Amino acid sequence: MYDQFYGLQGRPFQLTPDPHFYFESATHRKALSYLGYGLAQGEGFIVITGDIGAGKTTLVGHLMNTIDPSRLTAVKIVSTQVEGDDMLRLAAQSFGLAVDAMPKAQILRQIEGYLHTQARAGRRSLLIVDEAQNLPISAIEELRMLSNFQLGGQSLLQIFLLGQPEFRDLLKSPELEQLRQRVIATHHLDPMMRREVEPYILHRLSLVGWKGDPQFTPEAFAAIYAATGGVPRRINVLVSRVLLLGALDQLSVIDGEVVYAVVADMGADADVTPEPMAHSVLDEAEELVEAPEIAPAPIVSDEVAALRAEVEALRAARTEPAISLLDEIASLQAEIETLRAENDFARAAPSVDPEALKDCFTLIEERLSTLEFRVTEQDTALRRVLTLLVEWVEREERMGDAQHSAAA
């Protein structure tokens with residue numbers, strides 16, 4: 001109803017996750033950097049956690065939209081409380097394999113054969129498991145076993161695990177020690193900061209043809225943040241109801257009083273009742289900038305020092321993965337030259353099977369192409385992580401200087 005009244009081309013605050021409406025907040029940008037780095041490794045597990053409505057599914061959907069499907073086959077499972085064998089069956093069916101009534105051993109052979117086929121075609125495989133907090137230990141262990149499949153020393157399957165905060169506690173179980181050792185990247189999505197609420201709302205409105213009607217006042221944005229705590233889905237619920245009220249009352253301006261009226265009308269609705277949140281370092285930095293009259297919380301020097309150390313470590317180690325891969329590429333190129341010489345010899349020596357040499361040559365060239373692609377991906381991902389850390393350190397130093405100046 002409100003979309004028609006305000007001349008919008010769609011509903012910008014629908015509850016169904018839609019990568020088209022992806023908004024890169026600070027926490028989502030950090031998560032995307034880690035996802036990109038982890039994806040460049042082409043192996044292991046990547047874990048993303050966050051409260052209900054934090055934007056986990058939208059984040060991964062956005063990442064998948066940026067990936068070339070000719071180089072990566074990605075499938076998704078929304079998990080229920082299934083045991084190990086059922087998880088294998090779900091994974092196989094997600095890859096398009098018909099495994100009904102098959103025994104476990106045959107399902108595993110089907111999955112391994114499929115992954116080998118993908119690798120030989122130059123495509124990597126990714127399995128995304130949503131709502132991972134619902135999985136029993138047996139199902140998670142089966143996922144770990146799937147990650148064991150390899151071809152020529154290269155992992156055939158990478159797995160993303162998305163879950164609510166309790167999934168982090170589940171991963172601490174002693175039974176999952178081996179899986180924890182295979183987690184190469186992890187991030188917890190925090191709520192958005194106060195200053196991000198306005199651009200988030202305007203971003204979603206702009207994607208459906210918003211022309212400034214209705215207009216939101218600064219008090220309206222402040223009231224929305226206060227009522228939702230910065231959780232994206234809570235914002236969507238509240239703003240959708242605010243726009244509905246605006247359409248019913250034919251309002252062209254949405255102010256704080258309109259938002260408070262909707263919050264009061266929604267009463268004890270859990271979706272707009274903010275829960276206590278632990279502020280991150282970036283939250284504290286924002287408070288220092290926007291509310292200088294309030295005594296700032298002391299900046300933890302140990303955390304700044306740790307960030308500096310991480311930046312230096314990344315600078316020092318930035319080229320190590322690339323160097324390792326480049327060495328392997330050089331080795332493979334040398335092996336290709338050897339095979340070419342053997343292939344020439346095979347024409348005159350009937351004891352050498354030319355077809356076998358041709359198959360080896362093809363496999364090595366596929367491996368070489370994959371490694372060159374990974375070098376590029378790793379370099380890009382490491383640059384993003386390094387840039388992000390440098391920004392944090394510089395911001396902490398500026399906040400520290402401001403605090404010392406104020407104290408002086």
Side-chain angles (χ1 to χ4, degrees), residues 2-3 6-33 35 50-51 53-63 65-66 187 189-243 246 251-256 258-260 262-263 271-272 274 277 279-291 384 387-388 391-392 394-395 398-399:
Y2 71 77
D3 52 329
Y6 289 117
L8 304 178
Q9 300 166 5
R11 295 192 174 184
F13 300 102
Q14 60 185 359
L15 300 185
T16 304
D18 186 349
H20 176 66
F21 288 101
Y22 172 75
F23 174 78
E24 192 171 75
S25 67
T27 187
H28 286 80
R29 182 169 63 252
K30 180 180 177 183
L32 199 61
S33 295
L35 283 175
D51 291 322
K56 302 180 292 295
T57 304
T58 302
L59 171 71
V60 173
H62 170 73
L63 179 65
N65 285 344
T66 66
H187 179 66
L189 283 175
D190 295 314
M192 289 187 294
M193 294 182 288
R194 180 174 55 196
R195 61 180 174 81
E196 294 174 321
V197 170
E198 178 178 353
Y200 170 79
I201 293 173
L202 298 185
H203 167 74
R204 296 184 76 102
L205 285 169
S206 67
L207 292 177
V208 293
W210 176 69
K211 303 298 184 182
D213 182 25
Q215 176 187 353
F216 286 78
T217 67
E219 291 76 18
F221 292 121
I224 291 170
Y225 176 78
T228 63
V231 177
R233 186 178 298 170
R234 292 178 180 174
I235 294 175
N236 292 352
V237 171
L238 178 56
V239 177
S240 182
R241 294 281 290 270
V242 166
L243 289 174
L251 302 176
S252 59
V253 176
I254 304 296
D255 56 21
V258 174
V259 176
Y260 292 134
V262 172
V263 172
D271 283 339
V272 296
M277 297 178 297
H279 290 289
S280 68
V281 175
L282 292 178
D283 290 323
E284 293 173 357
E286 178 208 3
E287 293 298 329
L288 288 175
V289 173
E290 296 187 2
R384 293 179 67 183
T387 300
L388 190 61
E391 289 176 353
W392 288 342
E394 291 177 346
R395 185 168 185 175
R398 288 197 299 270
M399 294 302 100

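Everything quoted here is computed from the prediction, not taken from an experiment. We number each residue from 1, following the sequence as shown.
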Requested in this report: Report yes if the side chains of I235 and M192 come closer than 4.5 Å at any heavy-atom pair, otherwise no.
Outcome: yes
Report task. Could you tell me whether the side chain of L207 reaches within less than 4.5 Å of the side chain of F21, counting heavy atoms only? Result -> yes
Query raised in the report: Are any non-hydrogen side-chain atoms of Y200 and N236 less than 4.5 angstrom apart?
Result: yes
Report task. Rounded to the nearest 0.5 Å, what's the gap from CG on L243 to CG on L205? Could you check? Result -> 6.5 Å
**Report entry** Shortest non-hydrogen contact between G53 and V231, atoms and distance
**Finding:** O-CG1, 3.6 Å
**Report entry** Heavy-atom side-chain proximity of L15 to R233 below 4.5 angstrom
**Finding:** yes
Requested in this report: May I ask you to test the V242-Y2 pair for a side-chain heavy-atom distance under 4.5 Å?
Outcome: no
Query raised in the report: What heavy-atom pair brings N65 and P19 nearest, and what distance separates the two atoms?
Result: ND2-CB, 3.4 Å
Requested in this report: Check T58 against P17 and note the closest heavy-atom contact, atom names and distance.
Outcome: OG1-CB, 3.5 Å
Report task. Report the distance from atom OG of S25 to atom CD of E196, rounding to the nearest 0.5 Å. Result -> 5.0 Å
Requested in this report: To the nearest 0.5 angstrom, please state how far the CD atom of E24 sits from the CG atom of L59.
Outcome: 9.0 Å
Query raised in the report: Does F216 reach the side chain of V259, with side-chain heavy atoms less than 4.5 Å apart?
Result: no
Report task. Find out whether Y260 and D255 are in side-chain contact, i.e. whether some heavy atom of one side chain is under 4.5 Å from a heavy atom of the other. Result -> no
Report summary line: CZ (F221) and CD (E198) are apart, to the nearest 0.5 Å, by 4.0 Å
Query raised in the report: Pick one: which of P199, P232, P12 meets side-chain contact (heavy atoms from CB on, under 4.5 Å) with R204?
Result: P12
Query raised in the report: What distance separates L8 CG from S206 OG, expressed to the nearest 0.5 Å?
Result: 11.0 Å
Query raised in the report: For the side-chain contact (heavy atoms from CB on, under 4.5 Å) test, which of L238, V263, V197, V237 pairs with T228?
Result: L238
Query raised in the report: Would you find a donor on one side and an acceptor on the other, under 3.5 Å apart, between the side chain of H203 and the backbone of Y22?
Result: yes
Report summary line: Value for CG (D3) from CZ (F13), rounded to nearest 0.5 Å, stands at 12.0 Å
Query raised in the report: For the residue pair P191 and G229, what are the closest heavy atoms and their distance?
Result: CB-O, 3.2 Å
Requested in this report: Return the minimal non-hydrogen interatomic distance between M193 and A26, and the atom names on each side.
Outcome: CE-CB, 3.9 Å
Report task. For residues T27 and H187, determine if any side-chain heavy atom of one lies less than 4.5 Å from a side-chain heavy atom of the other. Result -> yes
Query raised in the report: Between K56 (side chain) and D51 (backbone), is there a donor-acceptor pair under 3.5 Å?
Result: yes
